[in-house]
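On a predicted model such as this, the values are computed, not experimentally measured, just so you know.
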Amino acid sequence: MELLVRYLDRSNSISSAVSQDVIKEENLRDDLRYYFMSPCEKYRARRHIPWKMGVQILKIIMITTQLVLFGLNNQLVVSYKEENIMTLKSLFLKGYSGVDEDDYSIAVYTQQGVYDSLFYVLDQYSHLGQLSVGPISYAQDEDGTLLPLVICKEHYKRGSREHLINEAFDIDAQLETVCMSHDPNTANQWKTQNSSFFELDFYRLVDIKITFQLRGINLRTVRSRELPDCYSFFVTVTFDNQCHSGKVKIFLDTDAQSSACRDWKVSGTAQKNTHYLLVFDGFVILVCITSAVLCTRSIILAVRLLQRFSRFLNENYNRKVCEDDQSEFLNGWYVLVIISDLLAIVGTILKMEIQAKSLTSYDVCSIFLGTSTLLVWVGVIRYLGYFQKYNVLILTMKAAFPKVLRFCCCAGMIYLGYTFCGWIVLGPYHEKFEGLSRVAECLFSLLNGDDMFTTFAQLKDKNILVWLFSRAYLYSFISLFIYMVLSLFIALITDAYETIKKYQKNGFPLTDLHKFIGEQKDFPVLEESSQADVYVRSSTLCCCQRVPVNDDVILIS
């Protein structure tokens with residue numbers, strides 16, 4: 001009798017353990033099935049509102065609106081800076097036609113031309129208040145003293161003109177710099193008091209630099225109900241004679257830095273409008289934080305599910321999770337959303353500082369806001385992937401990316417070889433090959449069939465050997481990259497596209513994860529399914545209306 005009781009107890013314990021294992025396996029299957037559902041399928045299964053999708057849609061609208069508002073304001077700033085650069089060149093460069101000559105503003109070829117251009121800059125600076133029609137004035141320090149103009153000439157320490165006659169020269173290559181300052185209040189005396197400074201030895205002269213600082217204010221933003229910005233213009237006029245070729249190049253460089261005006265009083269609604277924008281930006285930050293928290297929660301949940309599934313495979317089948325299944329859990333879209341949220345938060349904080357006139361980093365703010373908006377709109381593709389007819393792009397990119405990346409690495413080596421070769425050989429004879437970056441840009445344009453005849457025609461044909469080399473160089477590059485490399489590149493993507501279309505028609509290969517969720521009895525055996533992939537979602541508009549097959553299954557999240 002005791003033996004019978006022991007046998008029954010043992011049988012009950014074994015059956016209880018088996019039932020516990022079955023319940024544990026079903027719970028894991030239900031959790032995995034629920035995790036990989038679309039938002040509409042989750043709502044249909046458990047009546048949970050898809051907050052994460054709603055937050056993403058709201059974030060797209062708000063970030064795009066914020067970018068448009070900032071872009072319109074930044075456009076005013078860029079336009080103001082560009083017009084001021086044109087104004088300063090027209091004011092201080094004698095004979096400036098409004099168009100720069102190559103990479104410099106203007107050039108002179110005679111000694112008298114250098115003197116005239118030099119004195120013209122100084123005279124224009126002295127009478128700036130009577131010439132400019134814009135709100136530009138001299139810069140002052142904290143004590144209210146005008147900051148003077150500084151002119152420096154750099155020349156060789158010693159030189160002789162005799163080398164022009166008998167081809168012999170005596171020169172000390174050490175450079176000397178001599179500077180003087182010019183106060184606009186002493187416009188009538190500075191020429192006579194510093195006449196010796198302007199006795200230039202052109203055979204020793206390397207360059208002359210004139211630096212001064214001006215102040216300006218952008219009143220255009222007031223019409224847009226924004227507080228105005230005050231600007232400091234650091235202007236440098238350079239007379240470049242380094243080549244000693246008889247051509248003196250004149251450059252005018254301007255570094256414009258905006259800052260908050262010290263004392264300002266604006267009547268109207270500018271300040272009120274700024275407050276509204278600050279409240280809107282604060283709400284954008286709140287939405288981005290919410291989105292980042294929800295996506296981080298999803299990543300943590302995915303990691304826990306991966307650990308549970310890995311432990312289940314190891315305990316029951318003594319197998320490890322394959323890389324394809326691991327990539328299903330590690331969703332790159334969530335990482336993309338989190339990165340875009342962080343960039344949007346930083347960019348919004350910078351934007352708020354700019355609107356409060358305590359920061360002026362327009363370029364840095366533009367990079368953060370622009371990149372975040374780009375990533376947000378790229379993330380929209382994830383929701384289009386729930387449509388079976390729209391997820392072809394995502395699947396093709398995912399399948400072709402590894403092969404395309406390896407192919408680009410190999411083709412890049414050949415491209416770099418042509419870049420270095422073109423720079424060193426054709427650089428002295430062709431303007432498009434003067435620098436490495438310009439060579440790379442020129443070759444990329446040729447690769448896309450752009451501006452081919454001009455590239456051939458602009459080469460100087462004084463050296464017949466270089467001319468012949470250039471023809472062989474250009475013809476070989478165009479033939480190799482357009483007819484072979486580019487065709488192979490397109491073929492890789494086409495092959496991936498055809499593979500995806502075949503899978504969508506005949507069924508995707510099922511991995512361990514797919515078989516486990518699909519309740520396949522021959523789970524450990526990998527084979528192609530005759531039906532469509534279990535993860536090819538139905539139309540989002542239709543999935544909310546259909547009654548699912550597994551609605552009677554209790555899902556545990």
| message | Within the supplied structure, the quantity of interest is the number of heavy atoms (other residues, nucleotides, ligands) at a distance under 6.0 Å from F368 CZ; does it exceed 12? | response | no
| request: Determine whether the aromatic ring centres of Y125 and F212 lie less than 6.0 Å apart. | output: yes
| said: Just verifying a value: how many Å separate L147 CG and Y138 OH, rounded to the nearest 0.5 Å? | reply: 12.5 Å
| said: Centre-to-centre under 6.0 Å for Y415 and F444, is that the case here? | reply: no
| Is the distance between the ring centroids of Y231 and Y80 under 6.0 Å? | yes
| query | Side-chain donor-acceptor pair under 3.5 Å between S291 and D341, yes or no? | reply | yes
| Straight-line distance of M180 CE to L149 CG, nearest 0.5 Å | 8.0 Å
| field | F481-F489 aromatic ring centre distance below 6.0 Å | value | no
| message | So that I can tick it off, tell me whether K432 and D451 are bridged by a salt bridge, with the cut-off set at under 4.0 angstrom between side-chain N and carboxylate O. | response | yes
| query | Any chance CE of M484 has more than 12 other-residue heavy atoms, nucleotides or ligands included, within less than 6.0 Å? | reply | no
| field | Between S470 and Y429, a side-chain donor and acceptor under 3.5 Å | value | no
| message | Atom CZ of residue position F456 - does it have more than 12 heavy atoms of other residues, nucleotides or ligands inside 6.0 Å? | response | yes
| task | Report yes if the distance between the aromatic ring centroids of Y115 and F239 is under 6.0 Å, otherwise no. | result | no
| message | Heavy-atom count check: over 12 atoms from other residues, nucleotides or ligands less than 6.0 Å from W333 CH2? | response | yes
| What are the two closest heavy atoms between K81 and A256, and how far apart are they? | NZ-O, 4.0 Å
| Should we count NZ of K247 as having more than 12 external heavy atoms under 6.0 Å? | yes
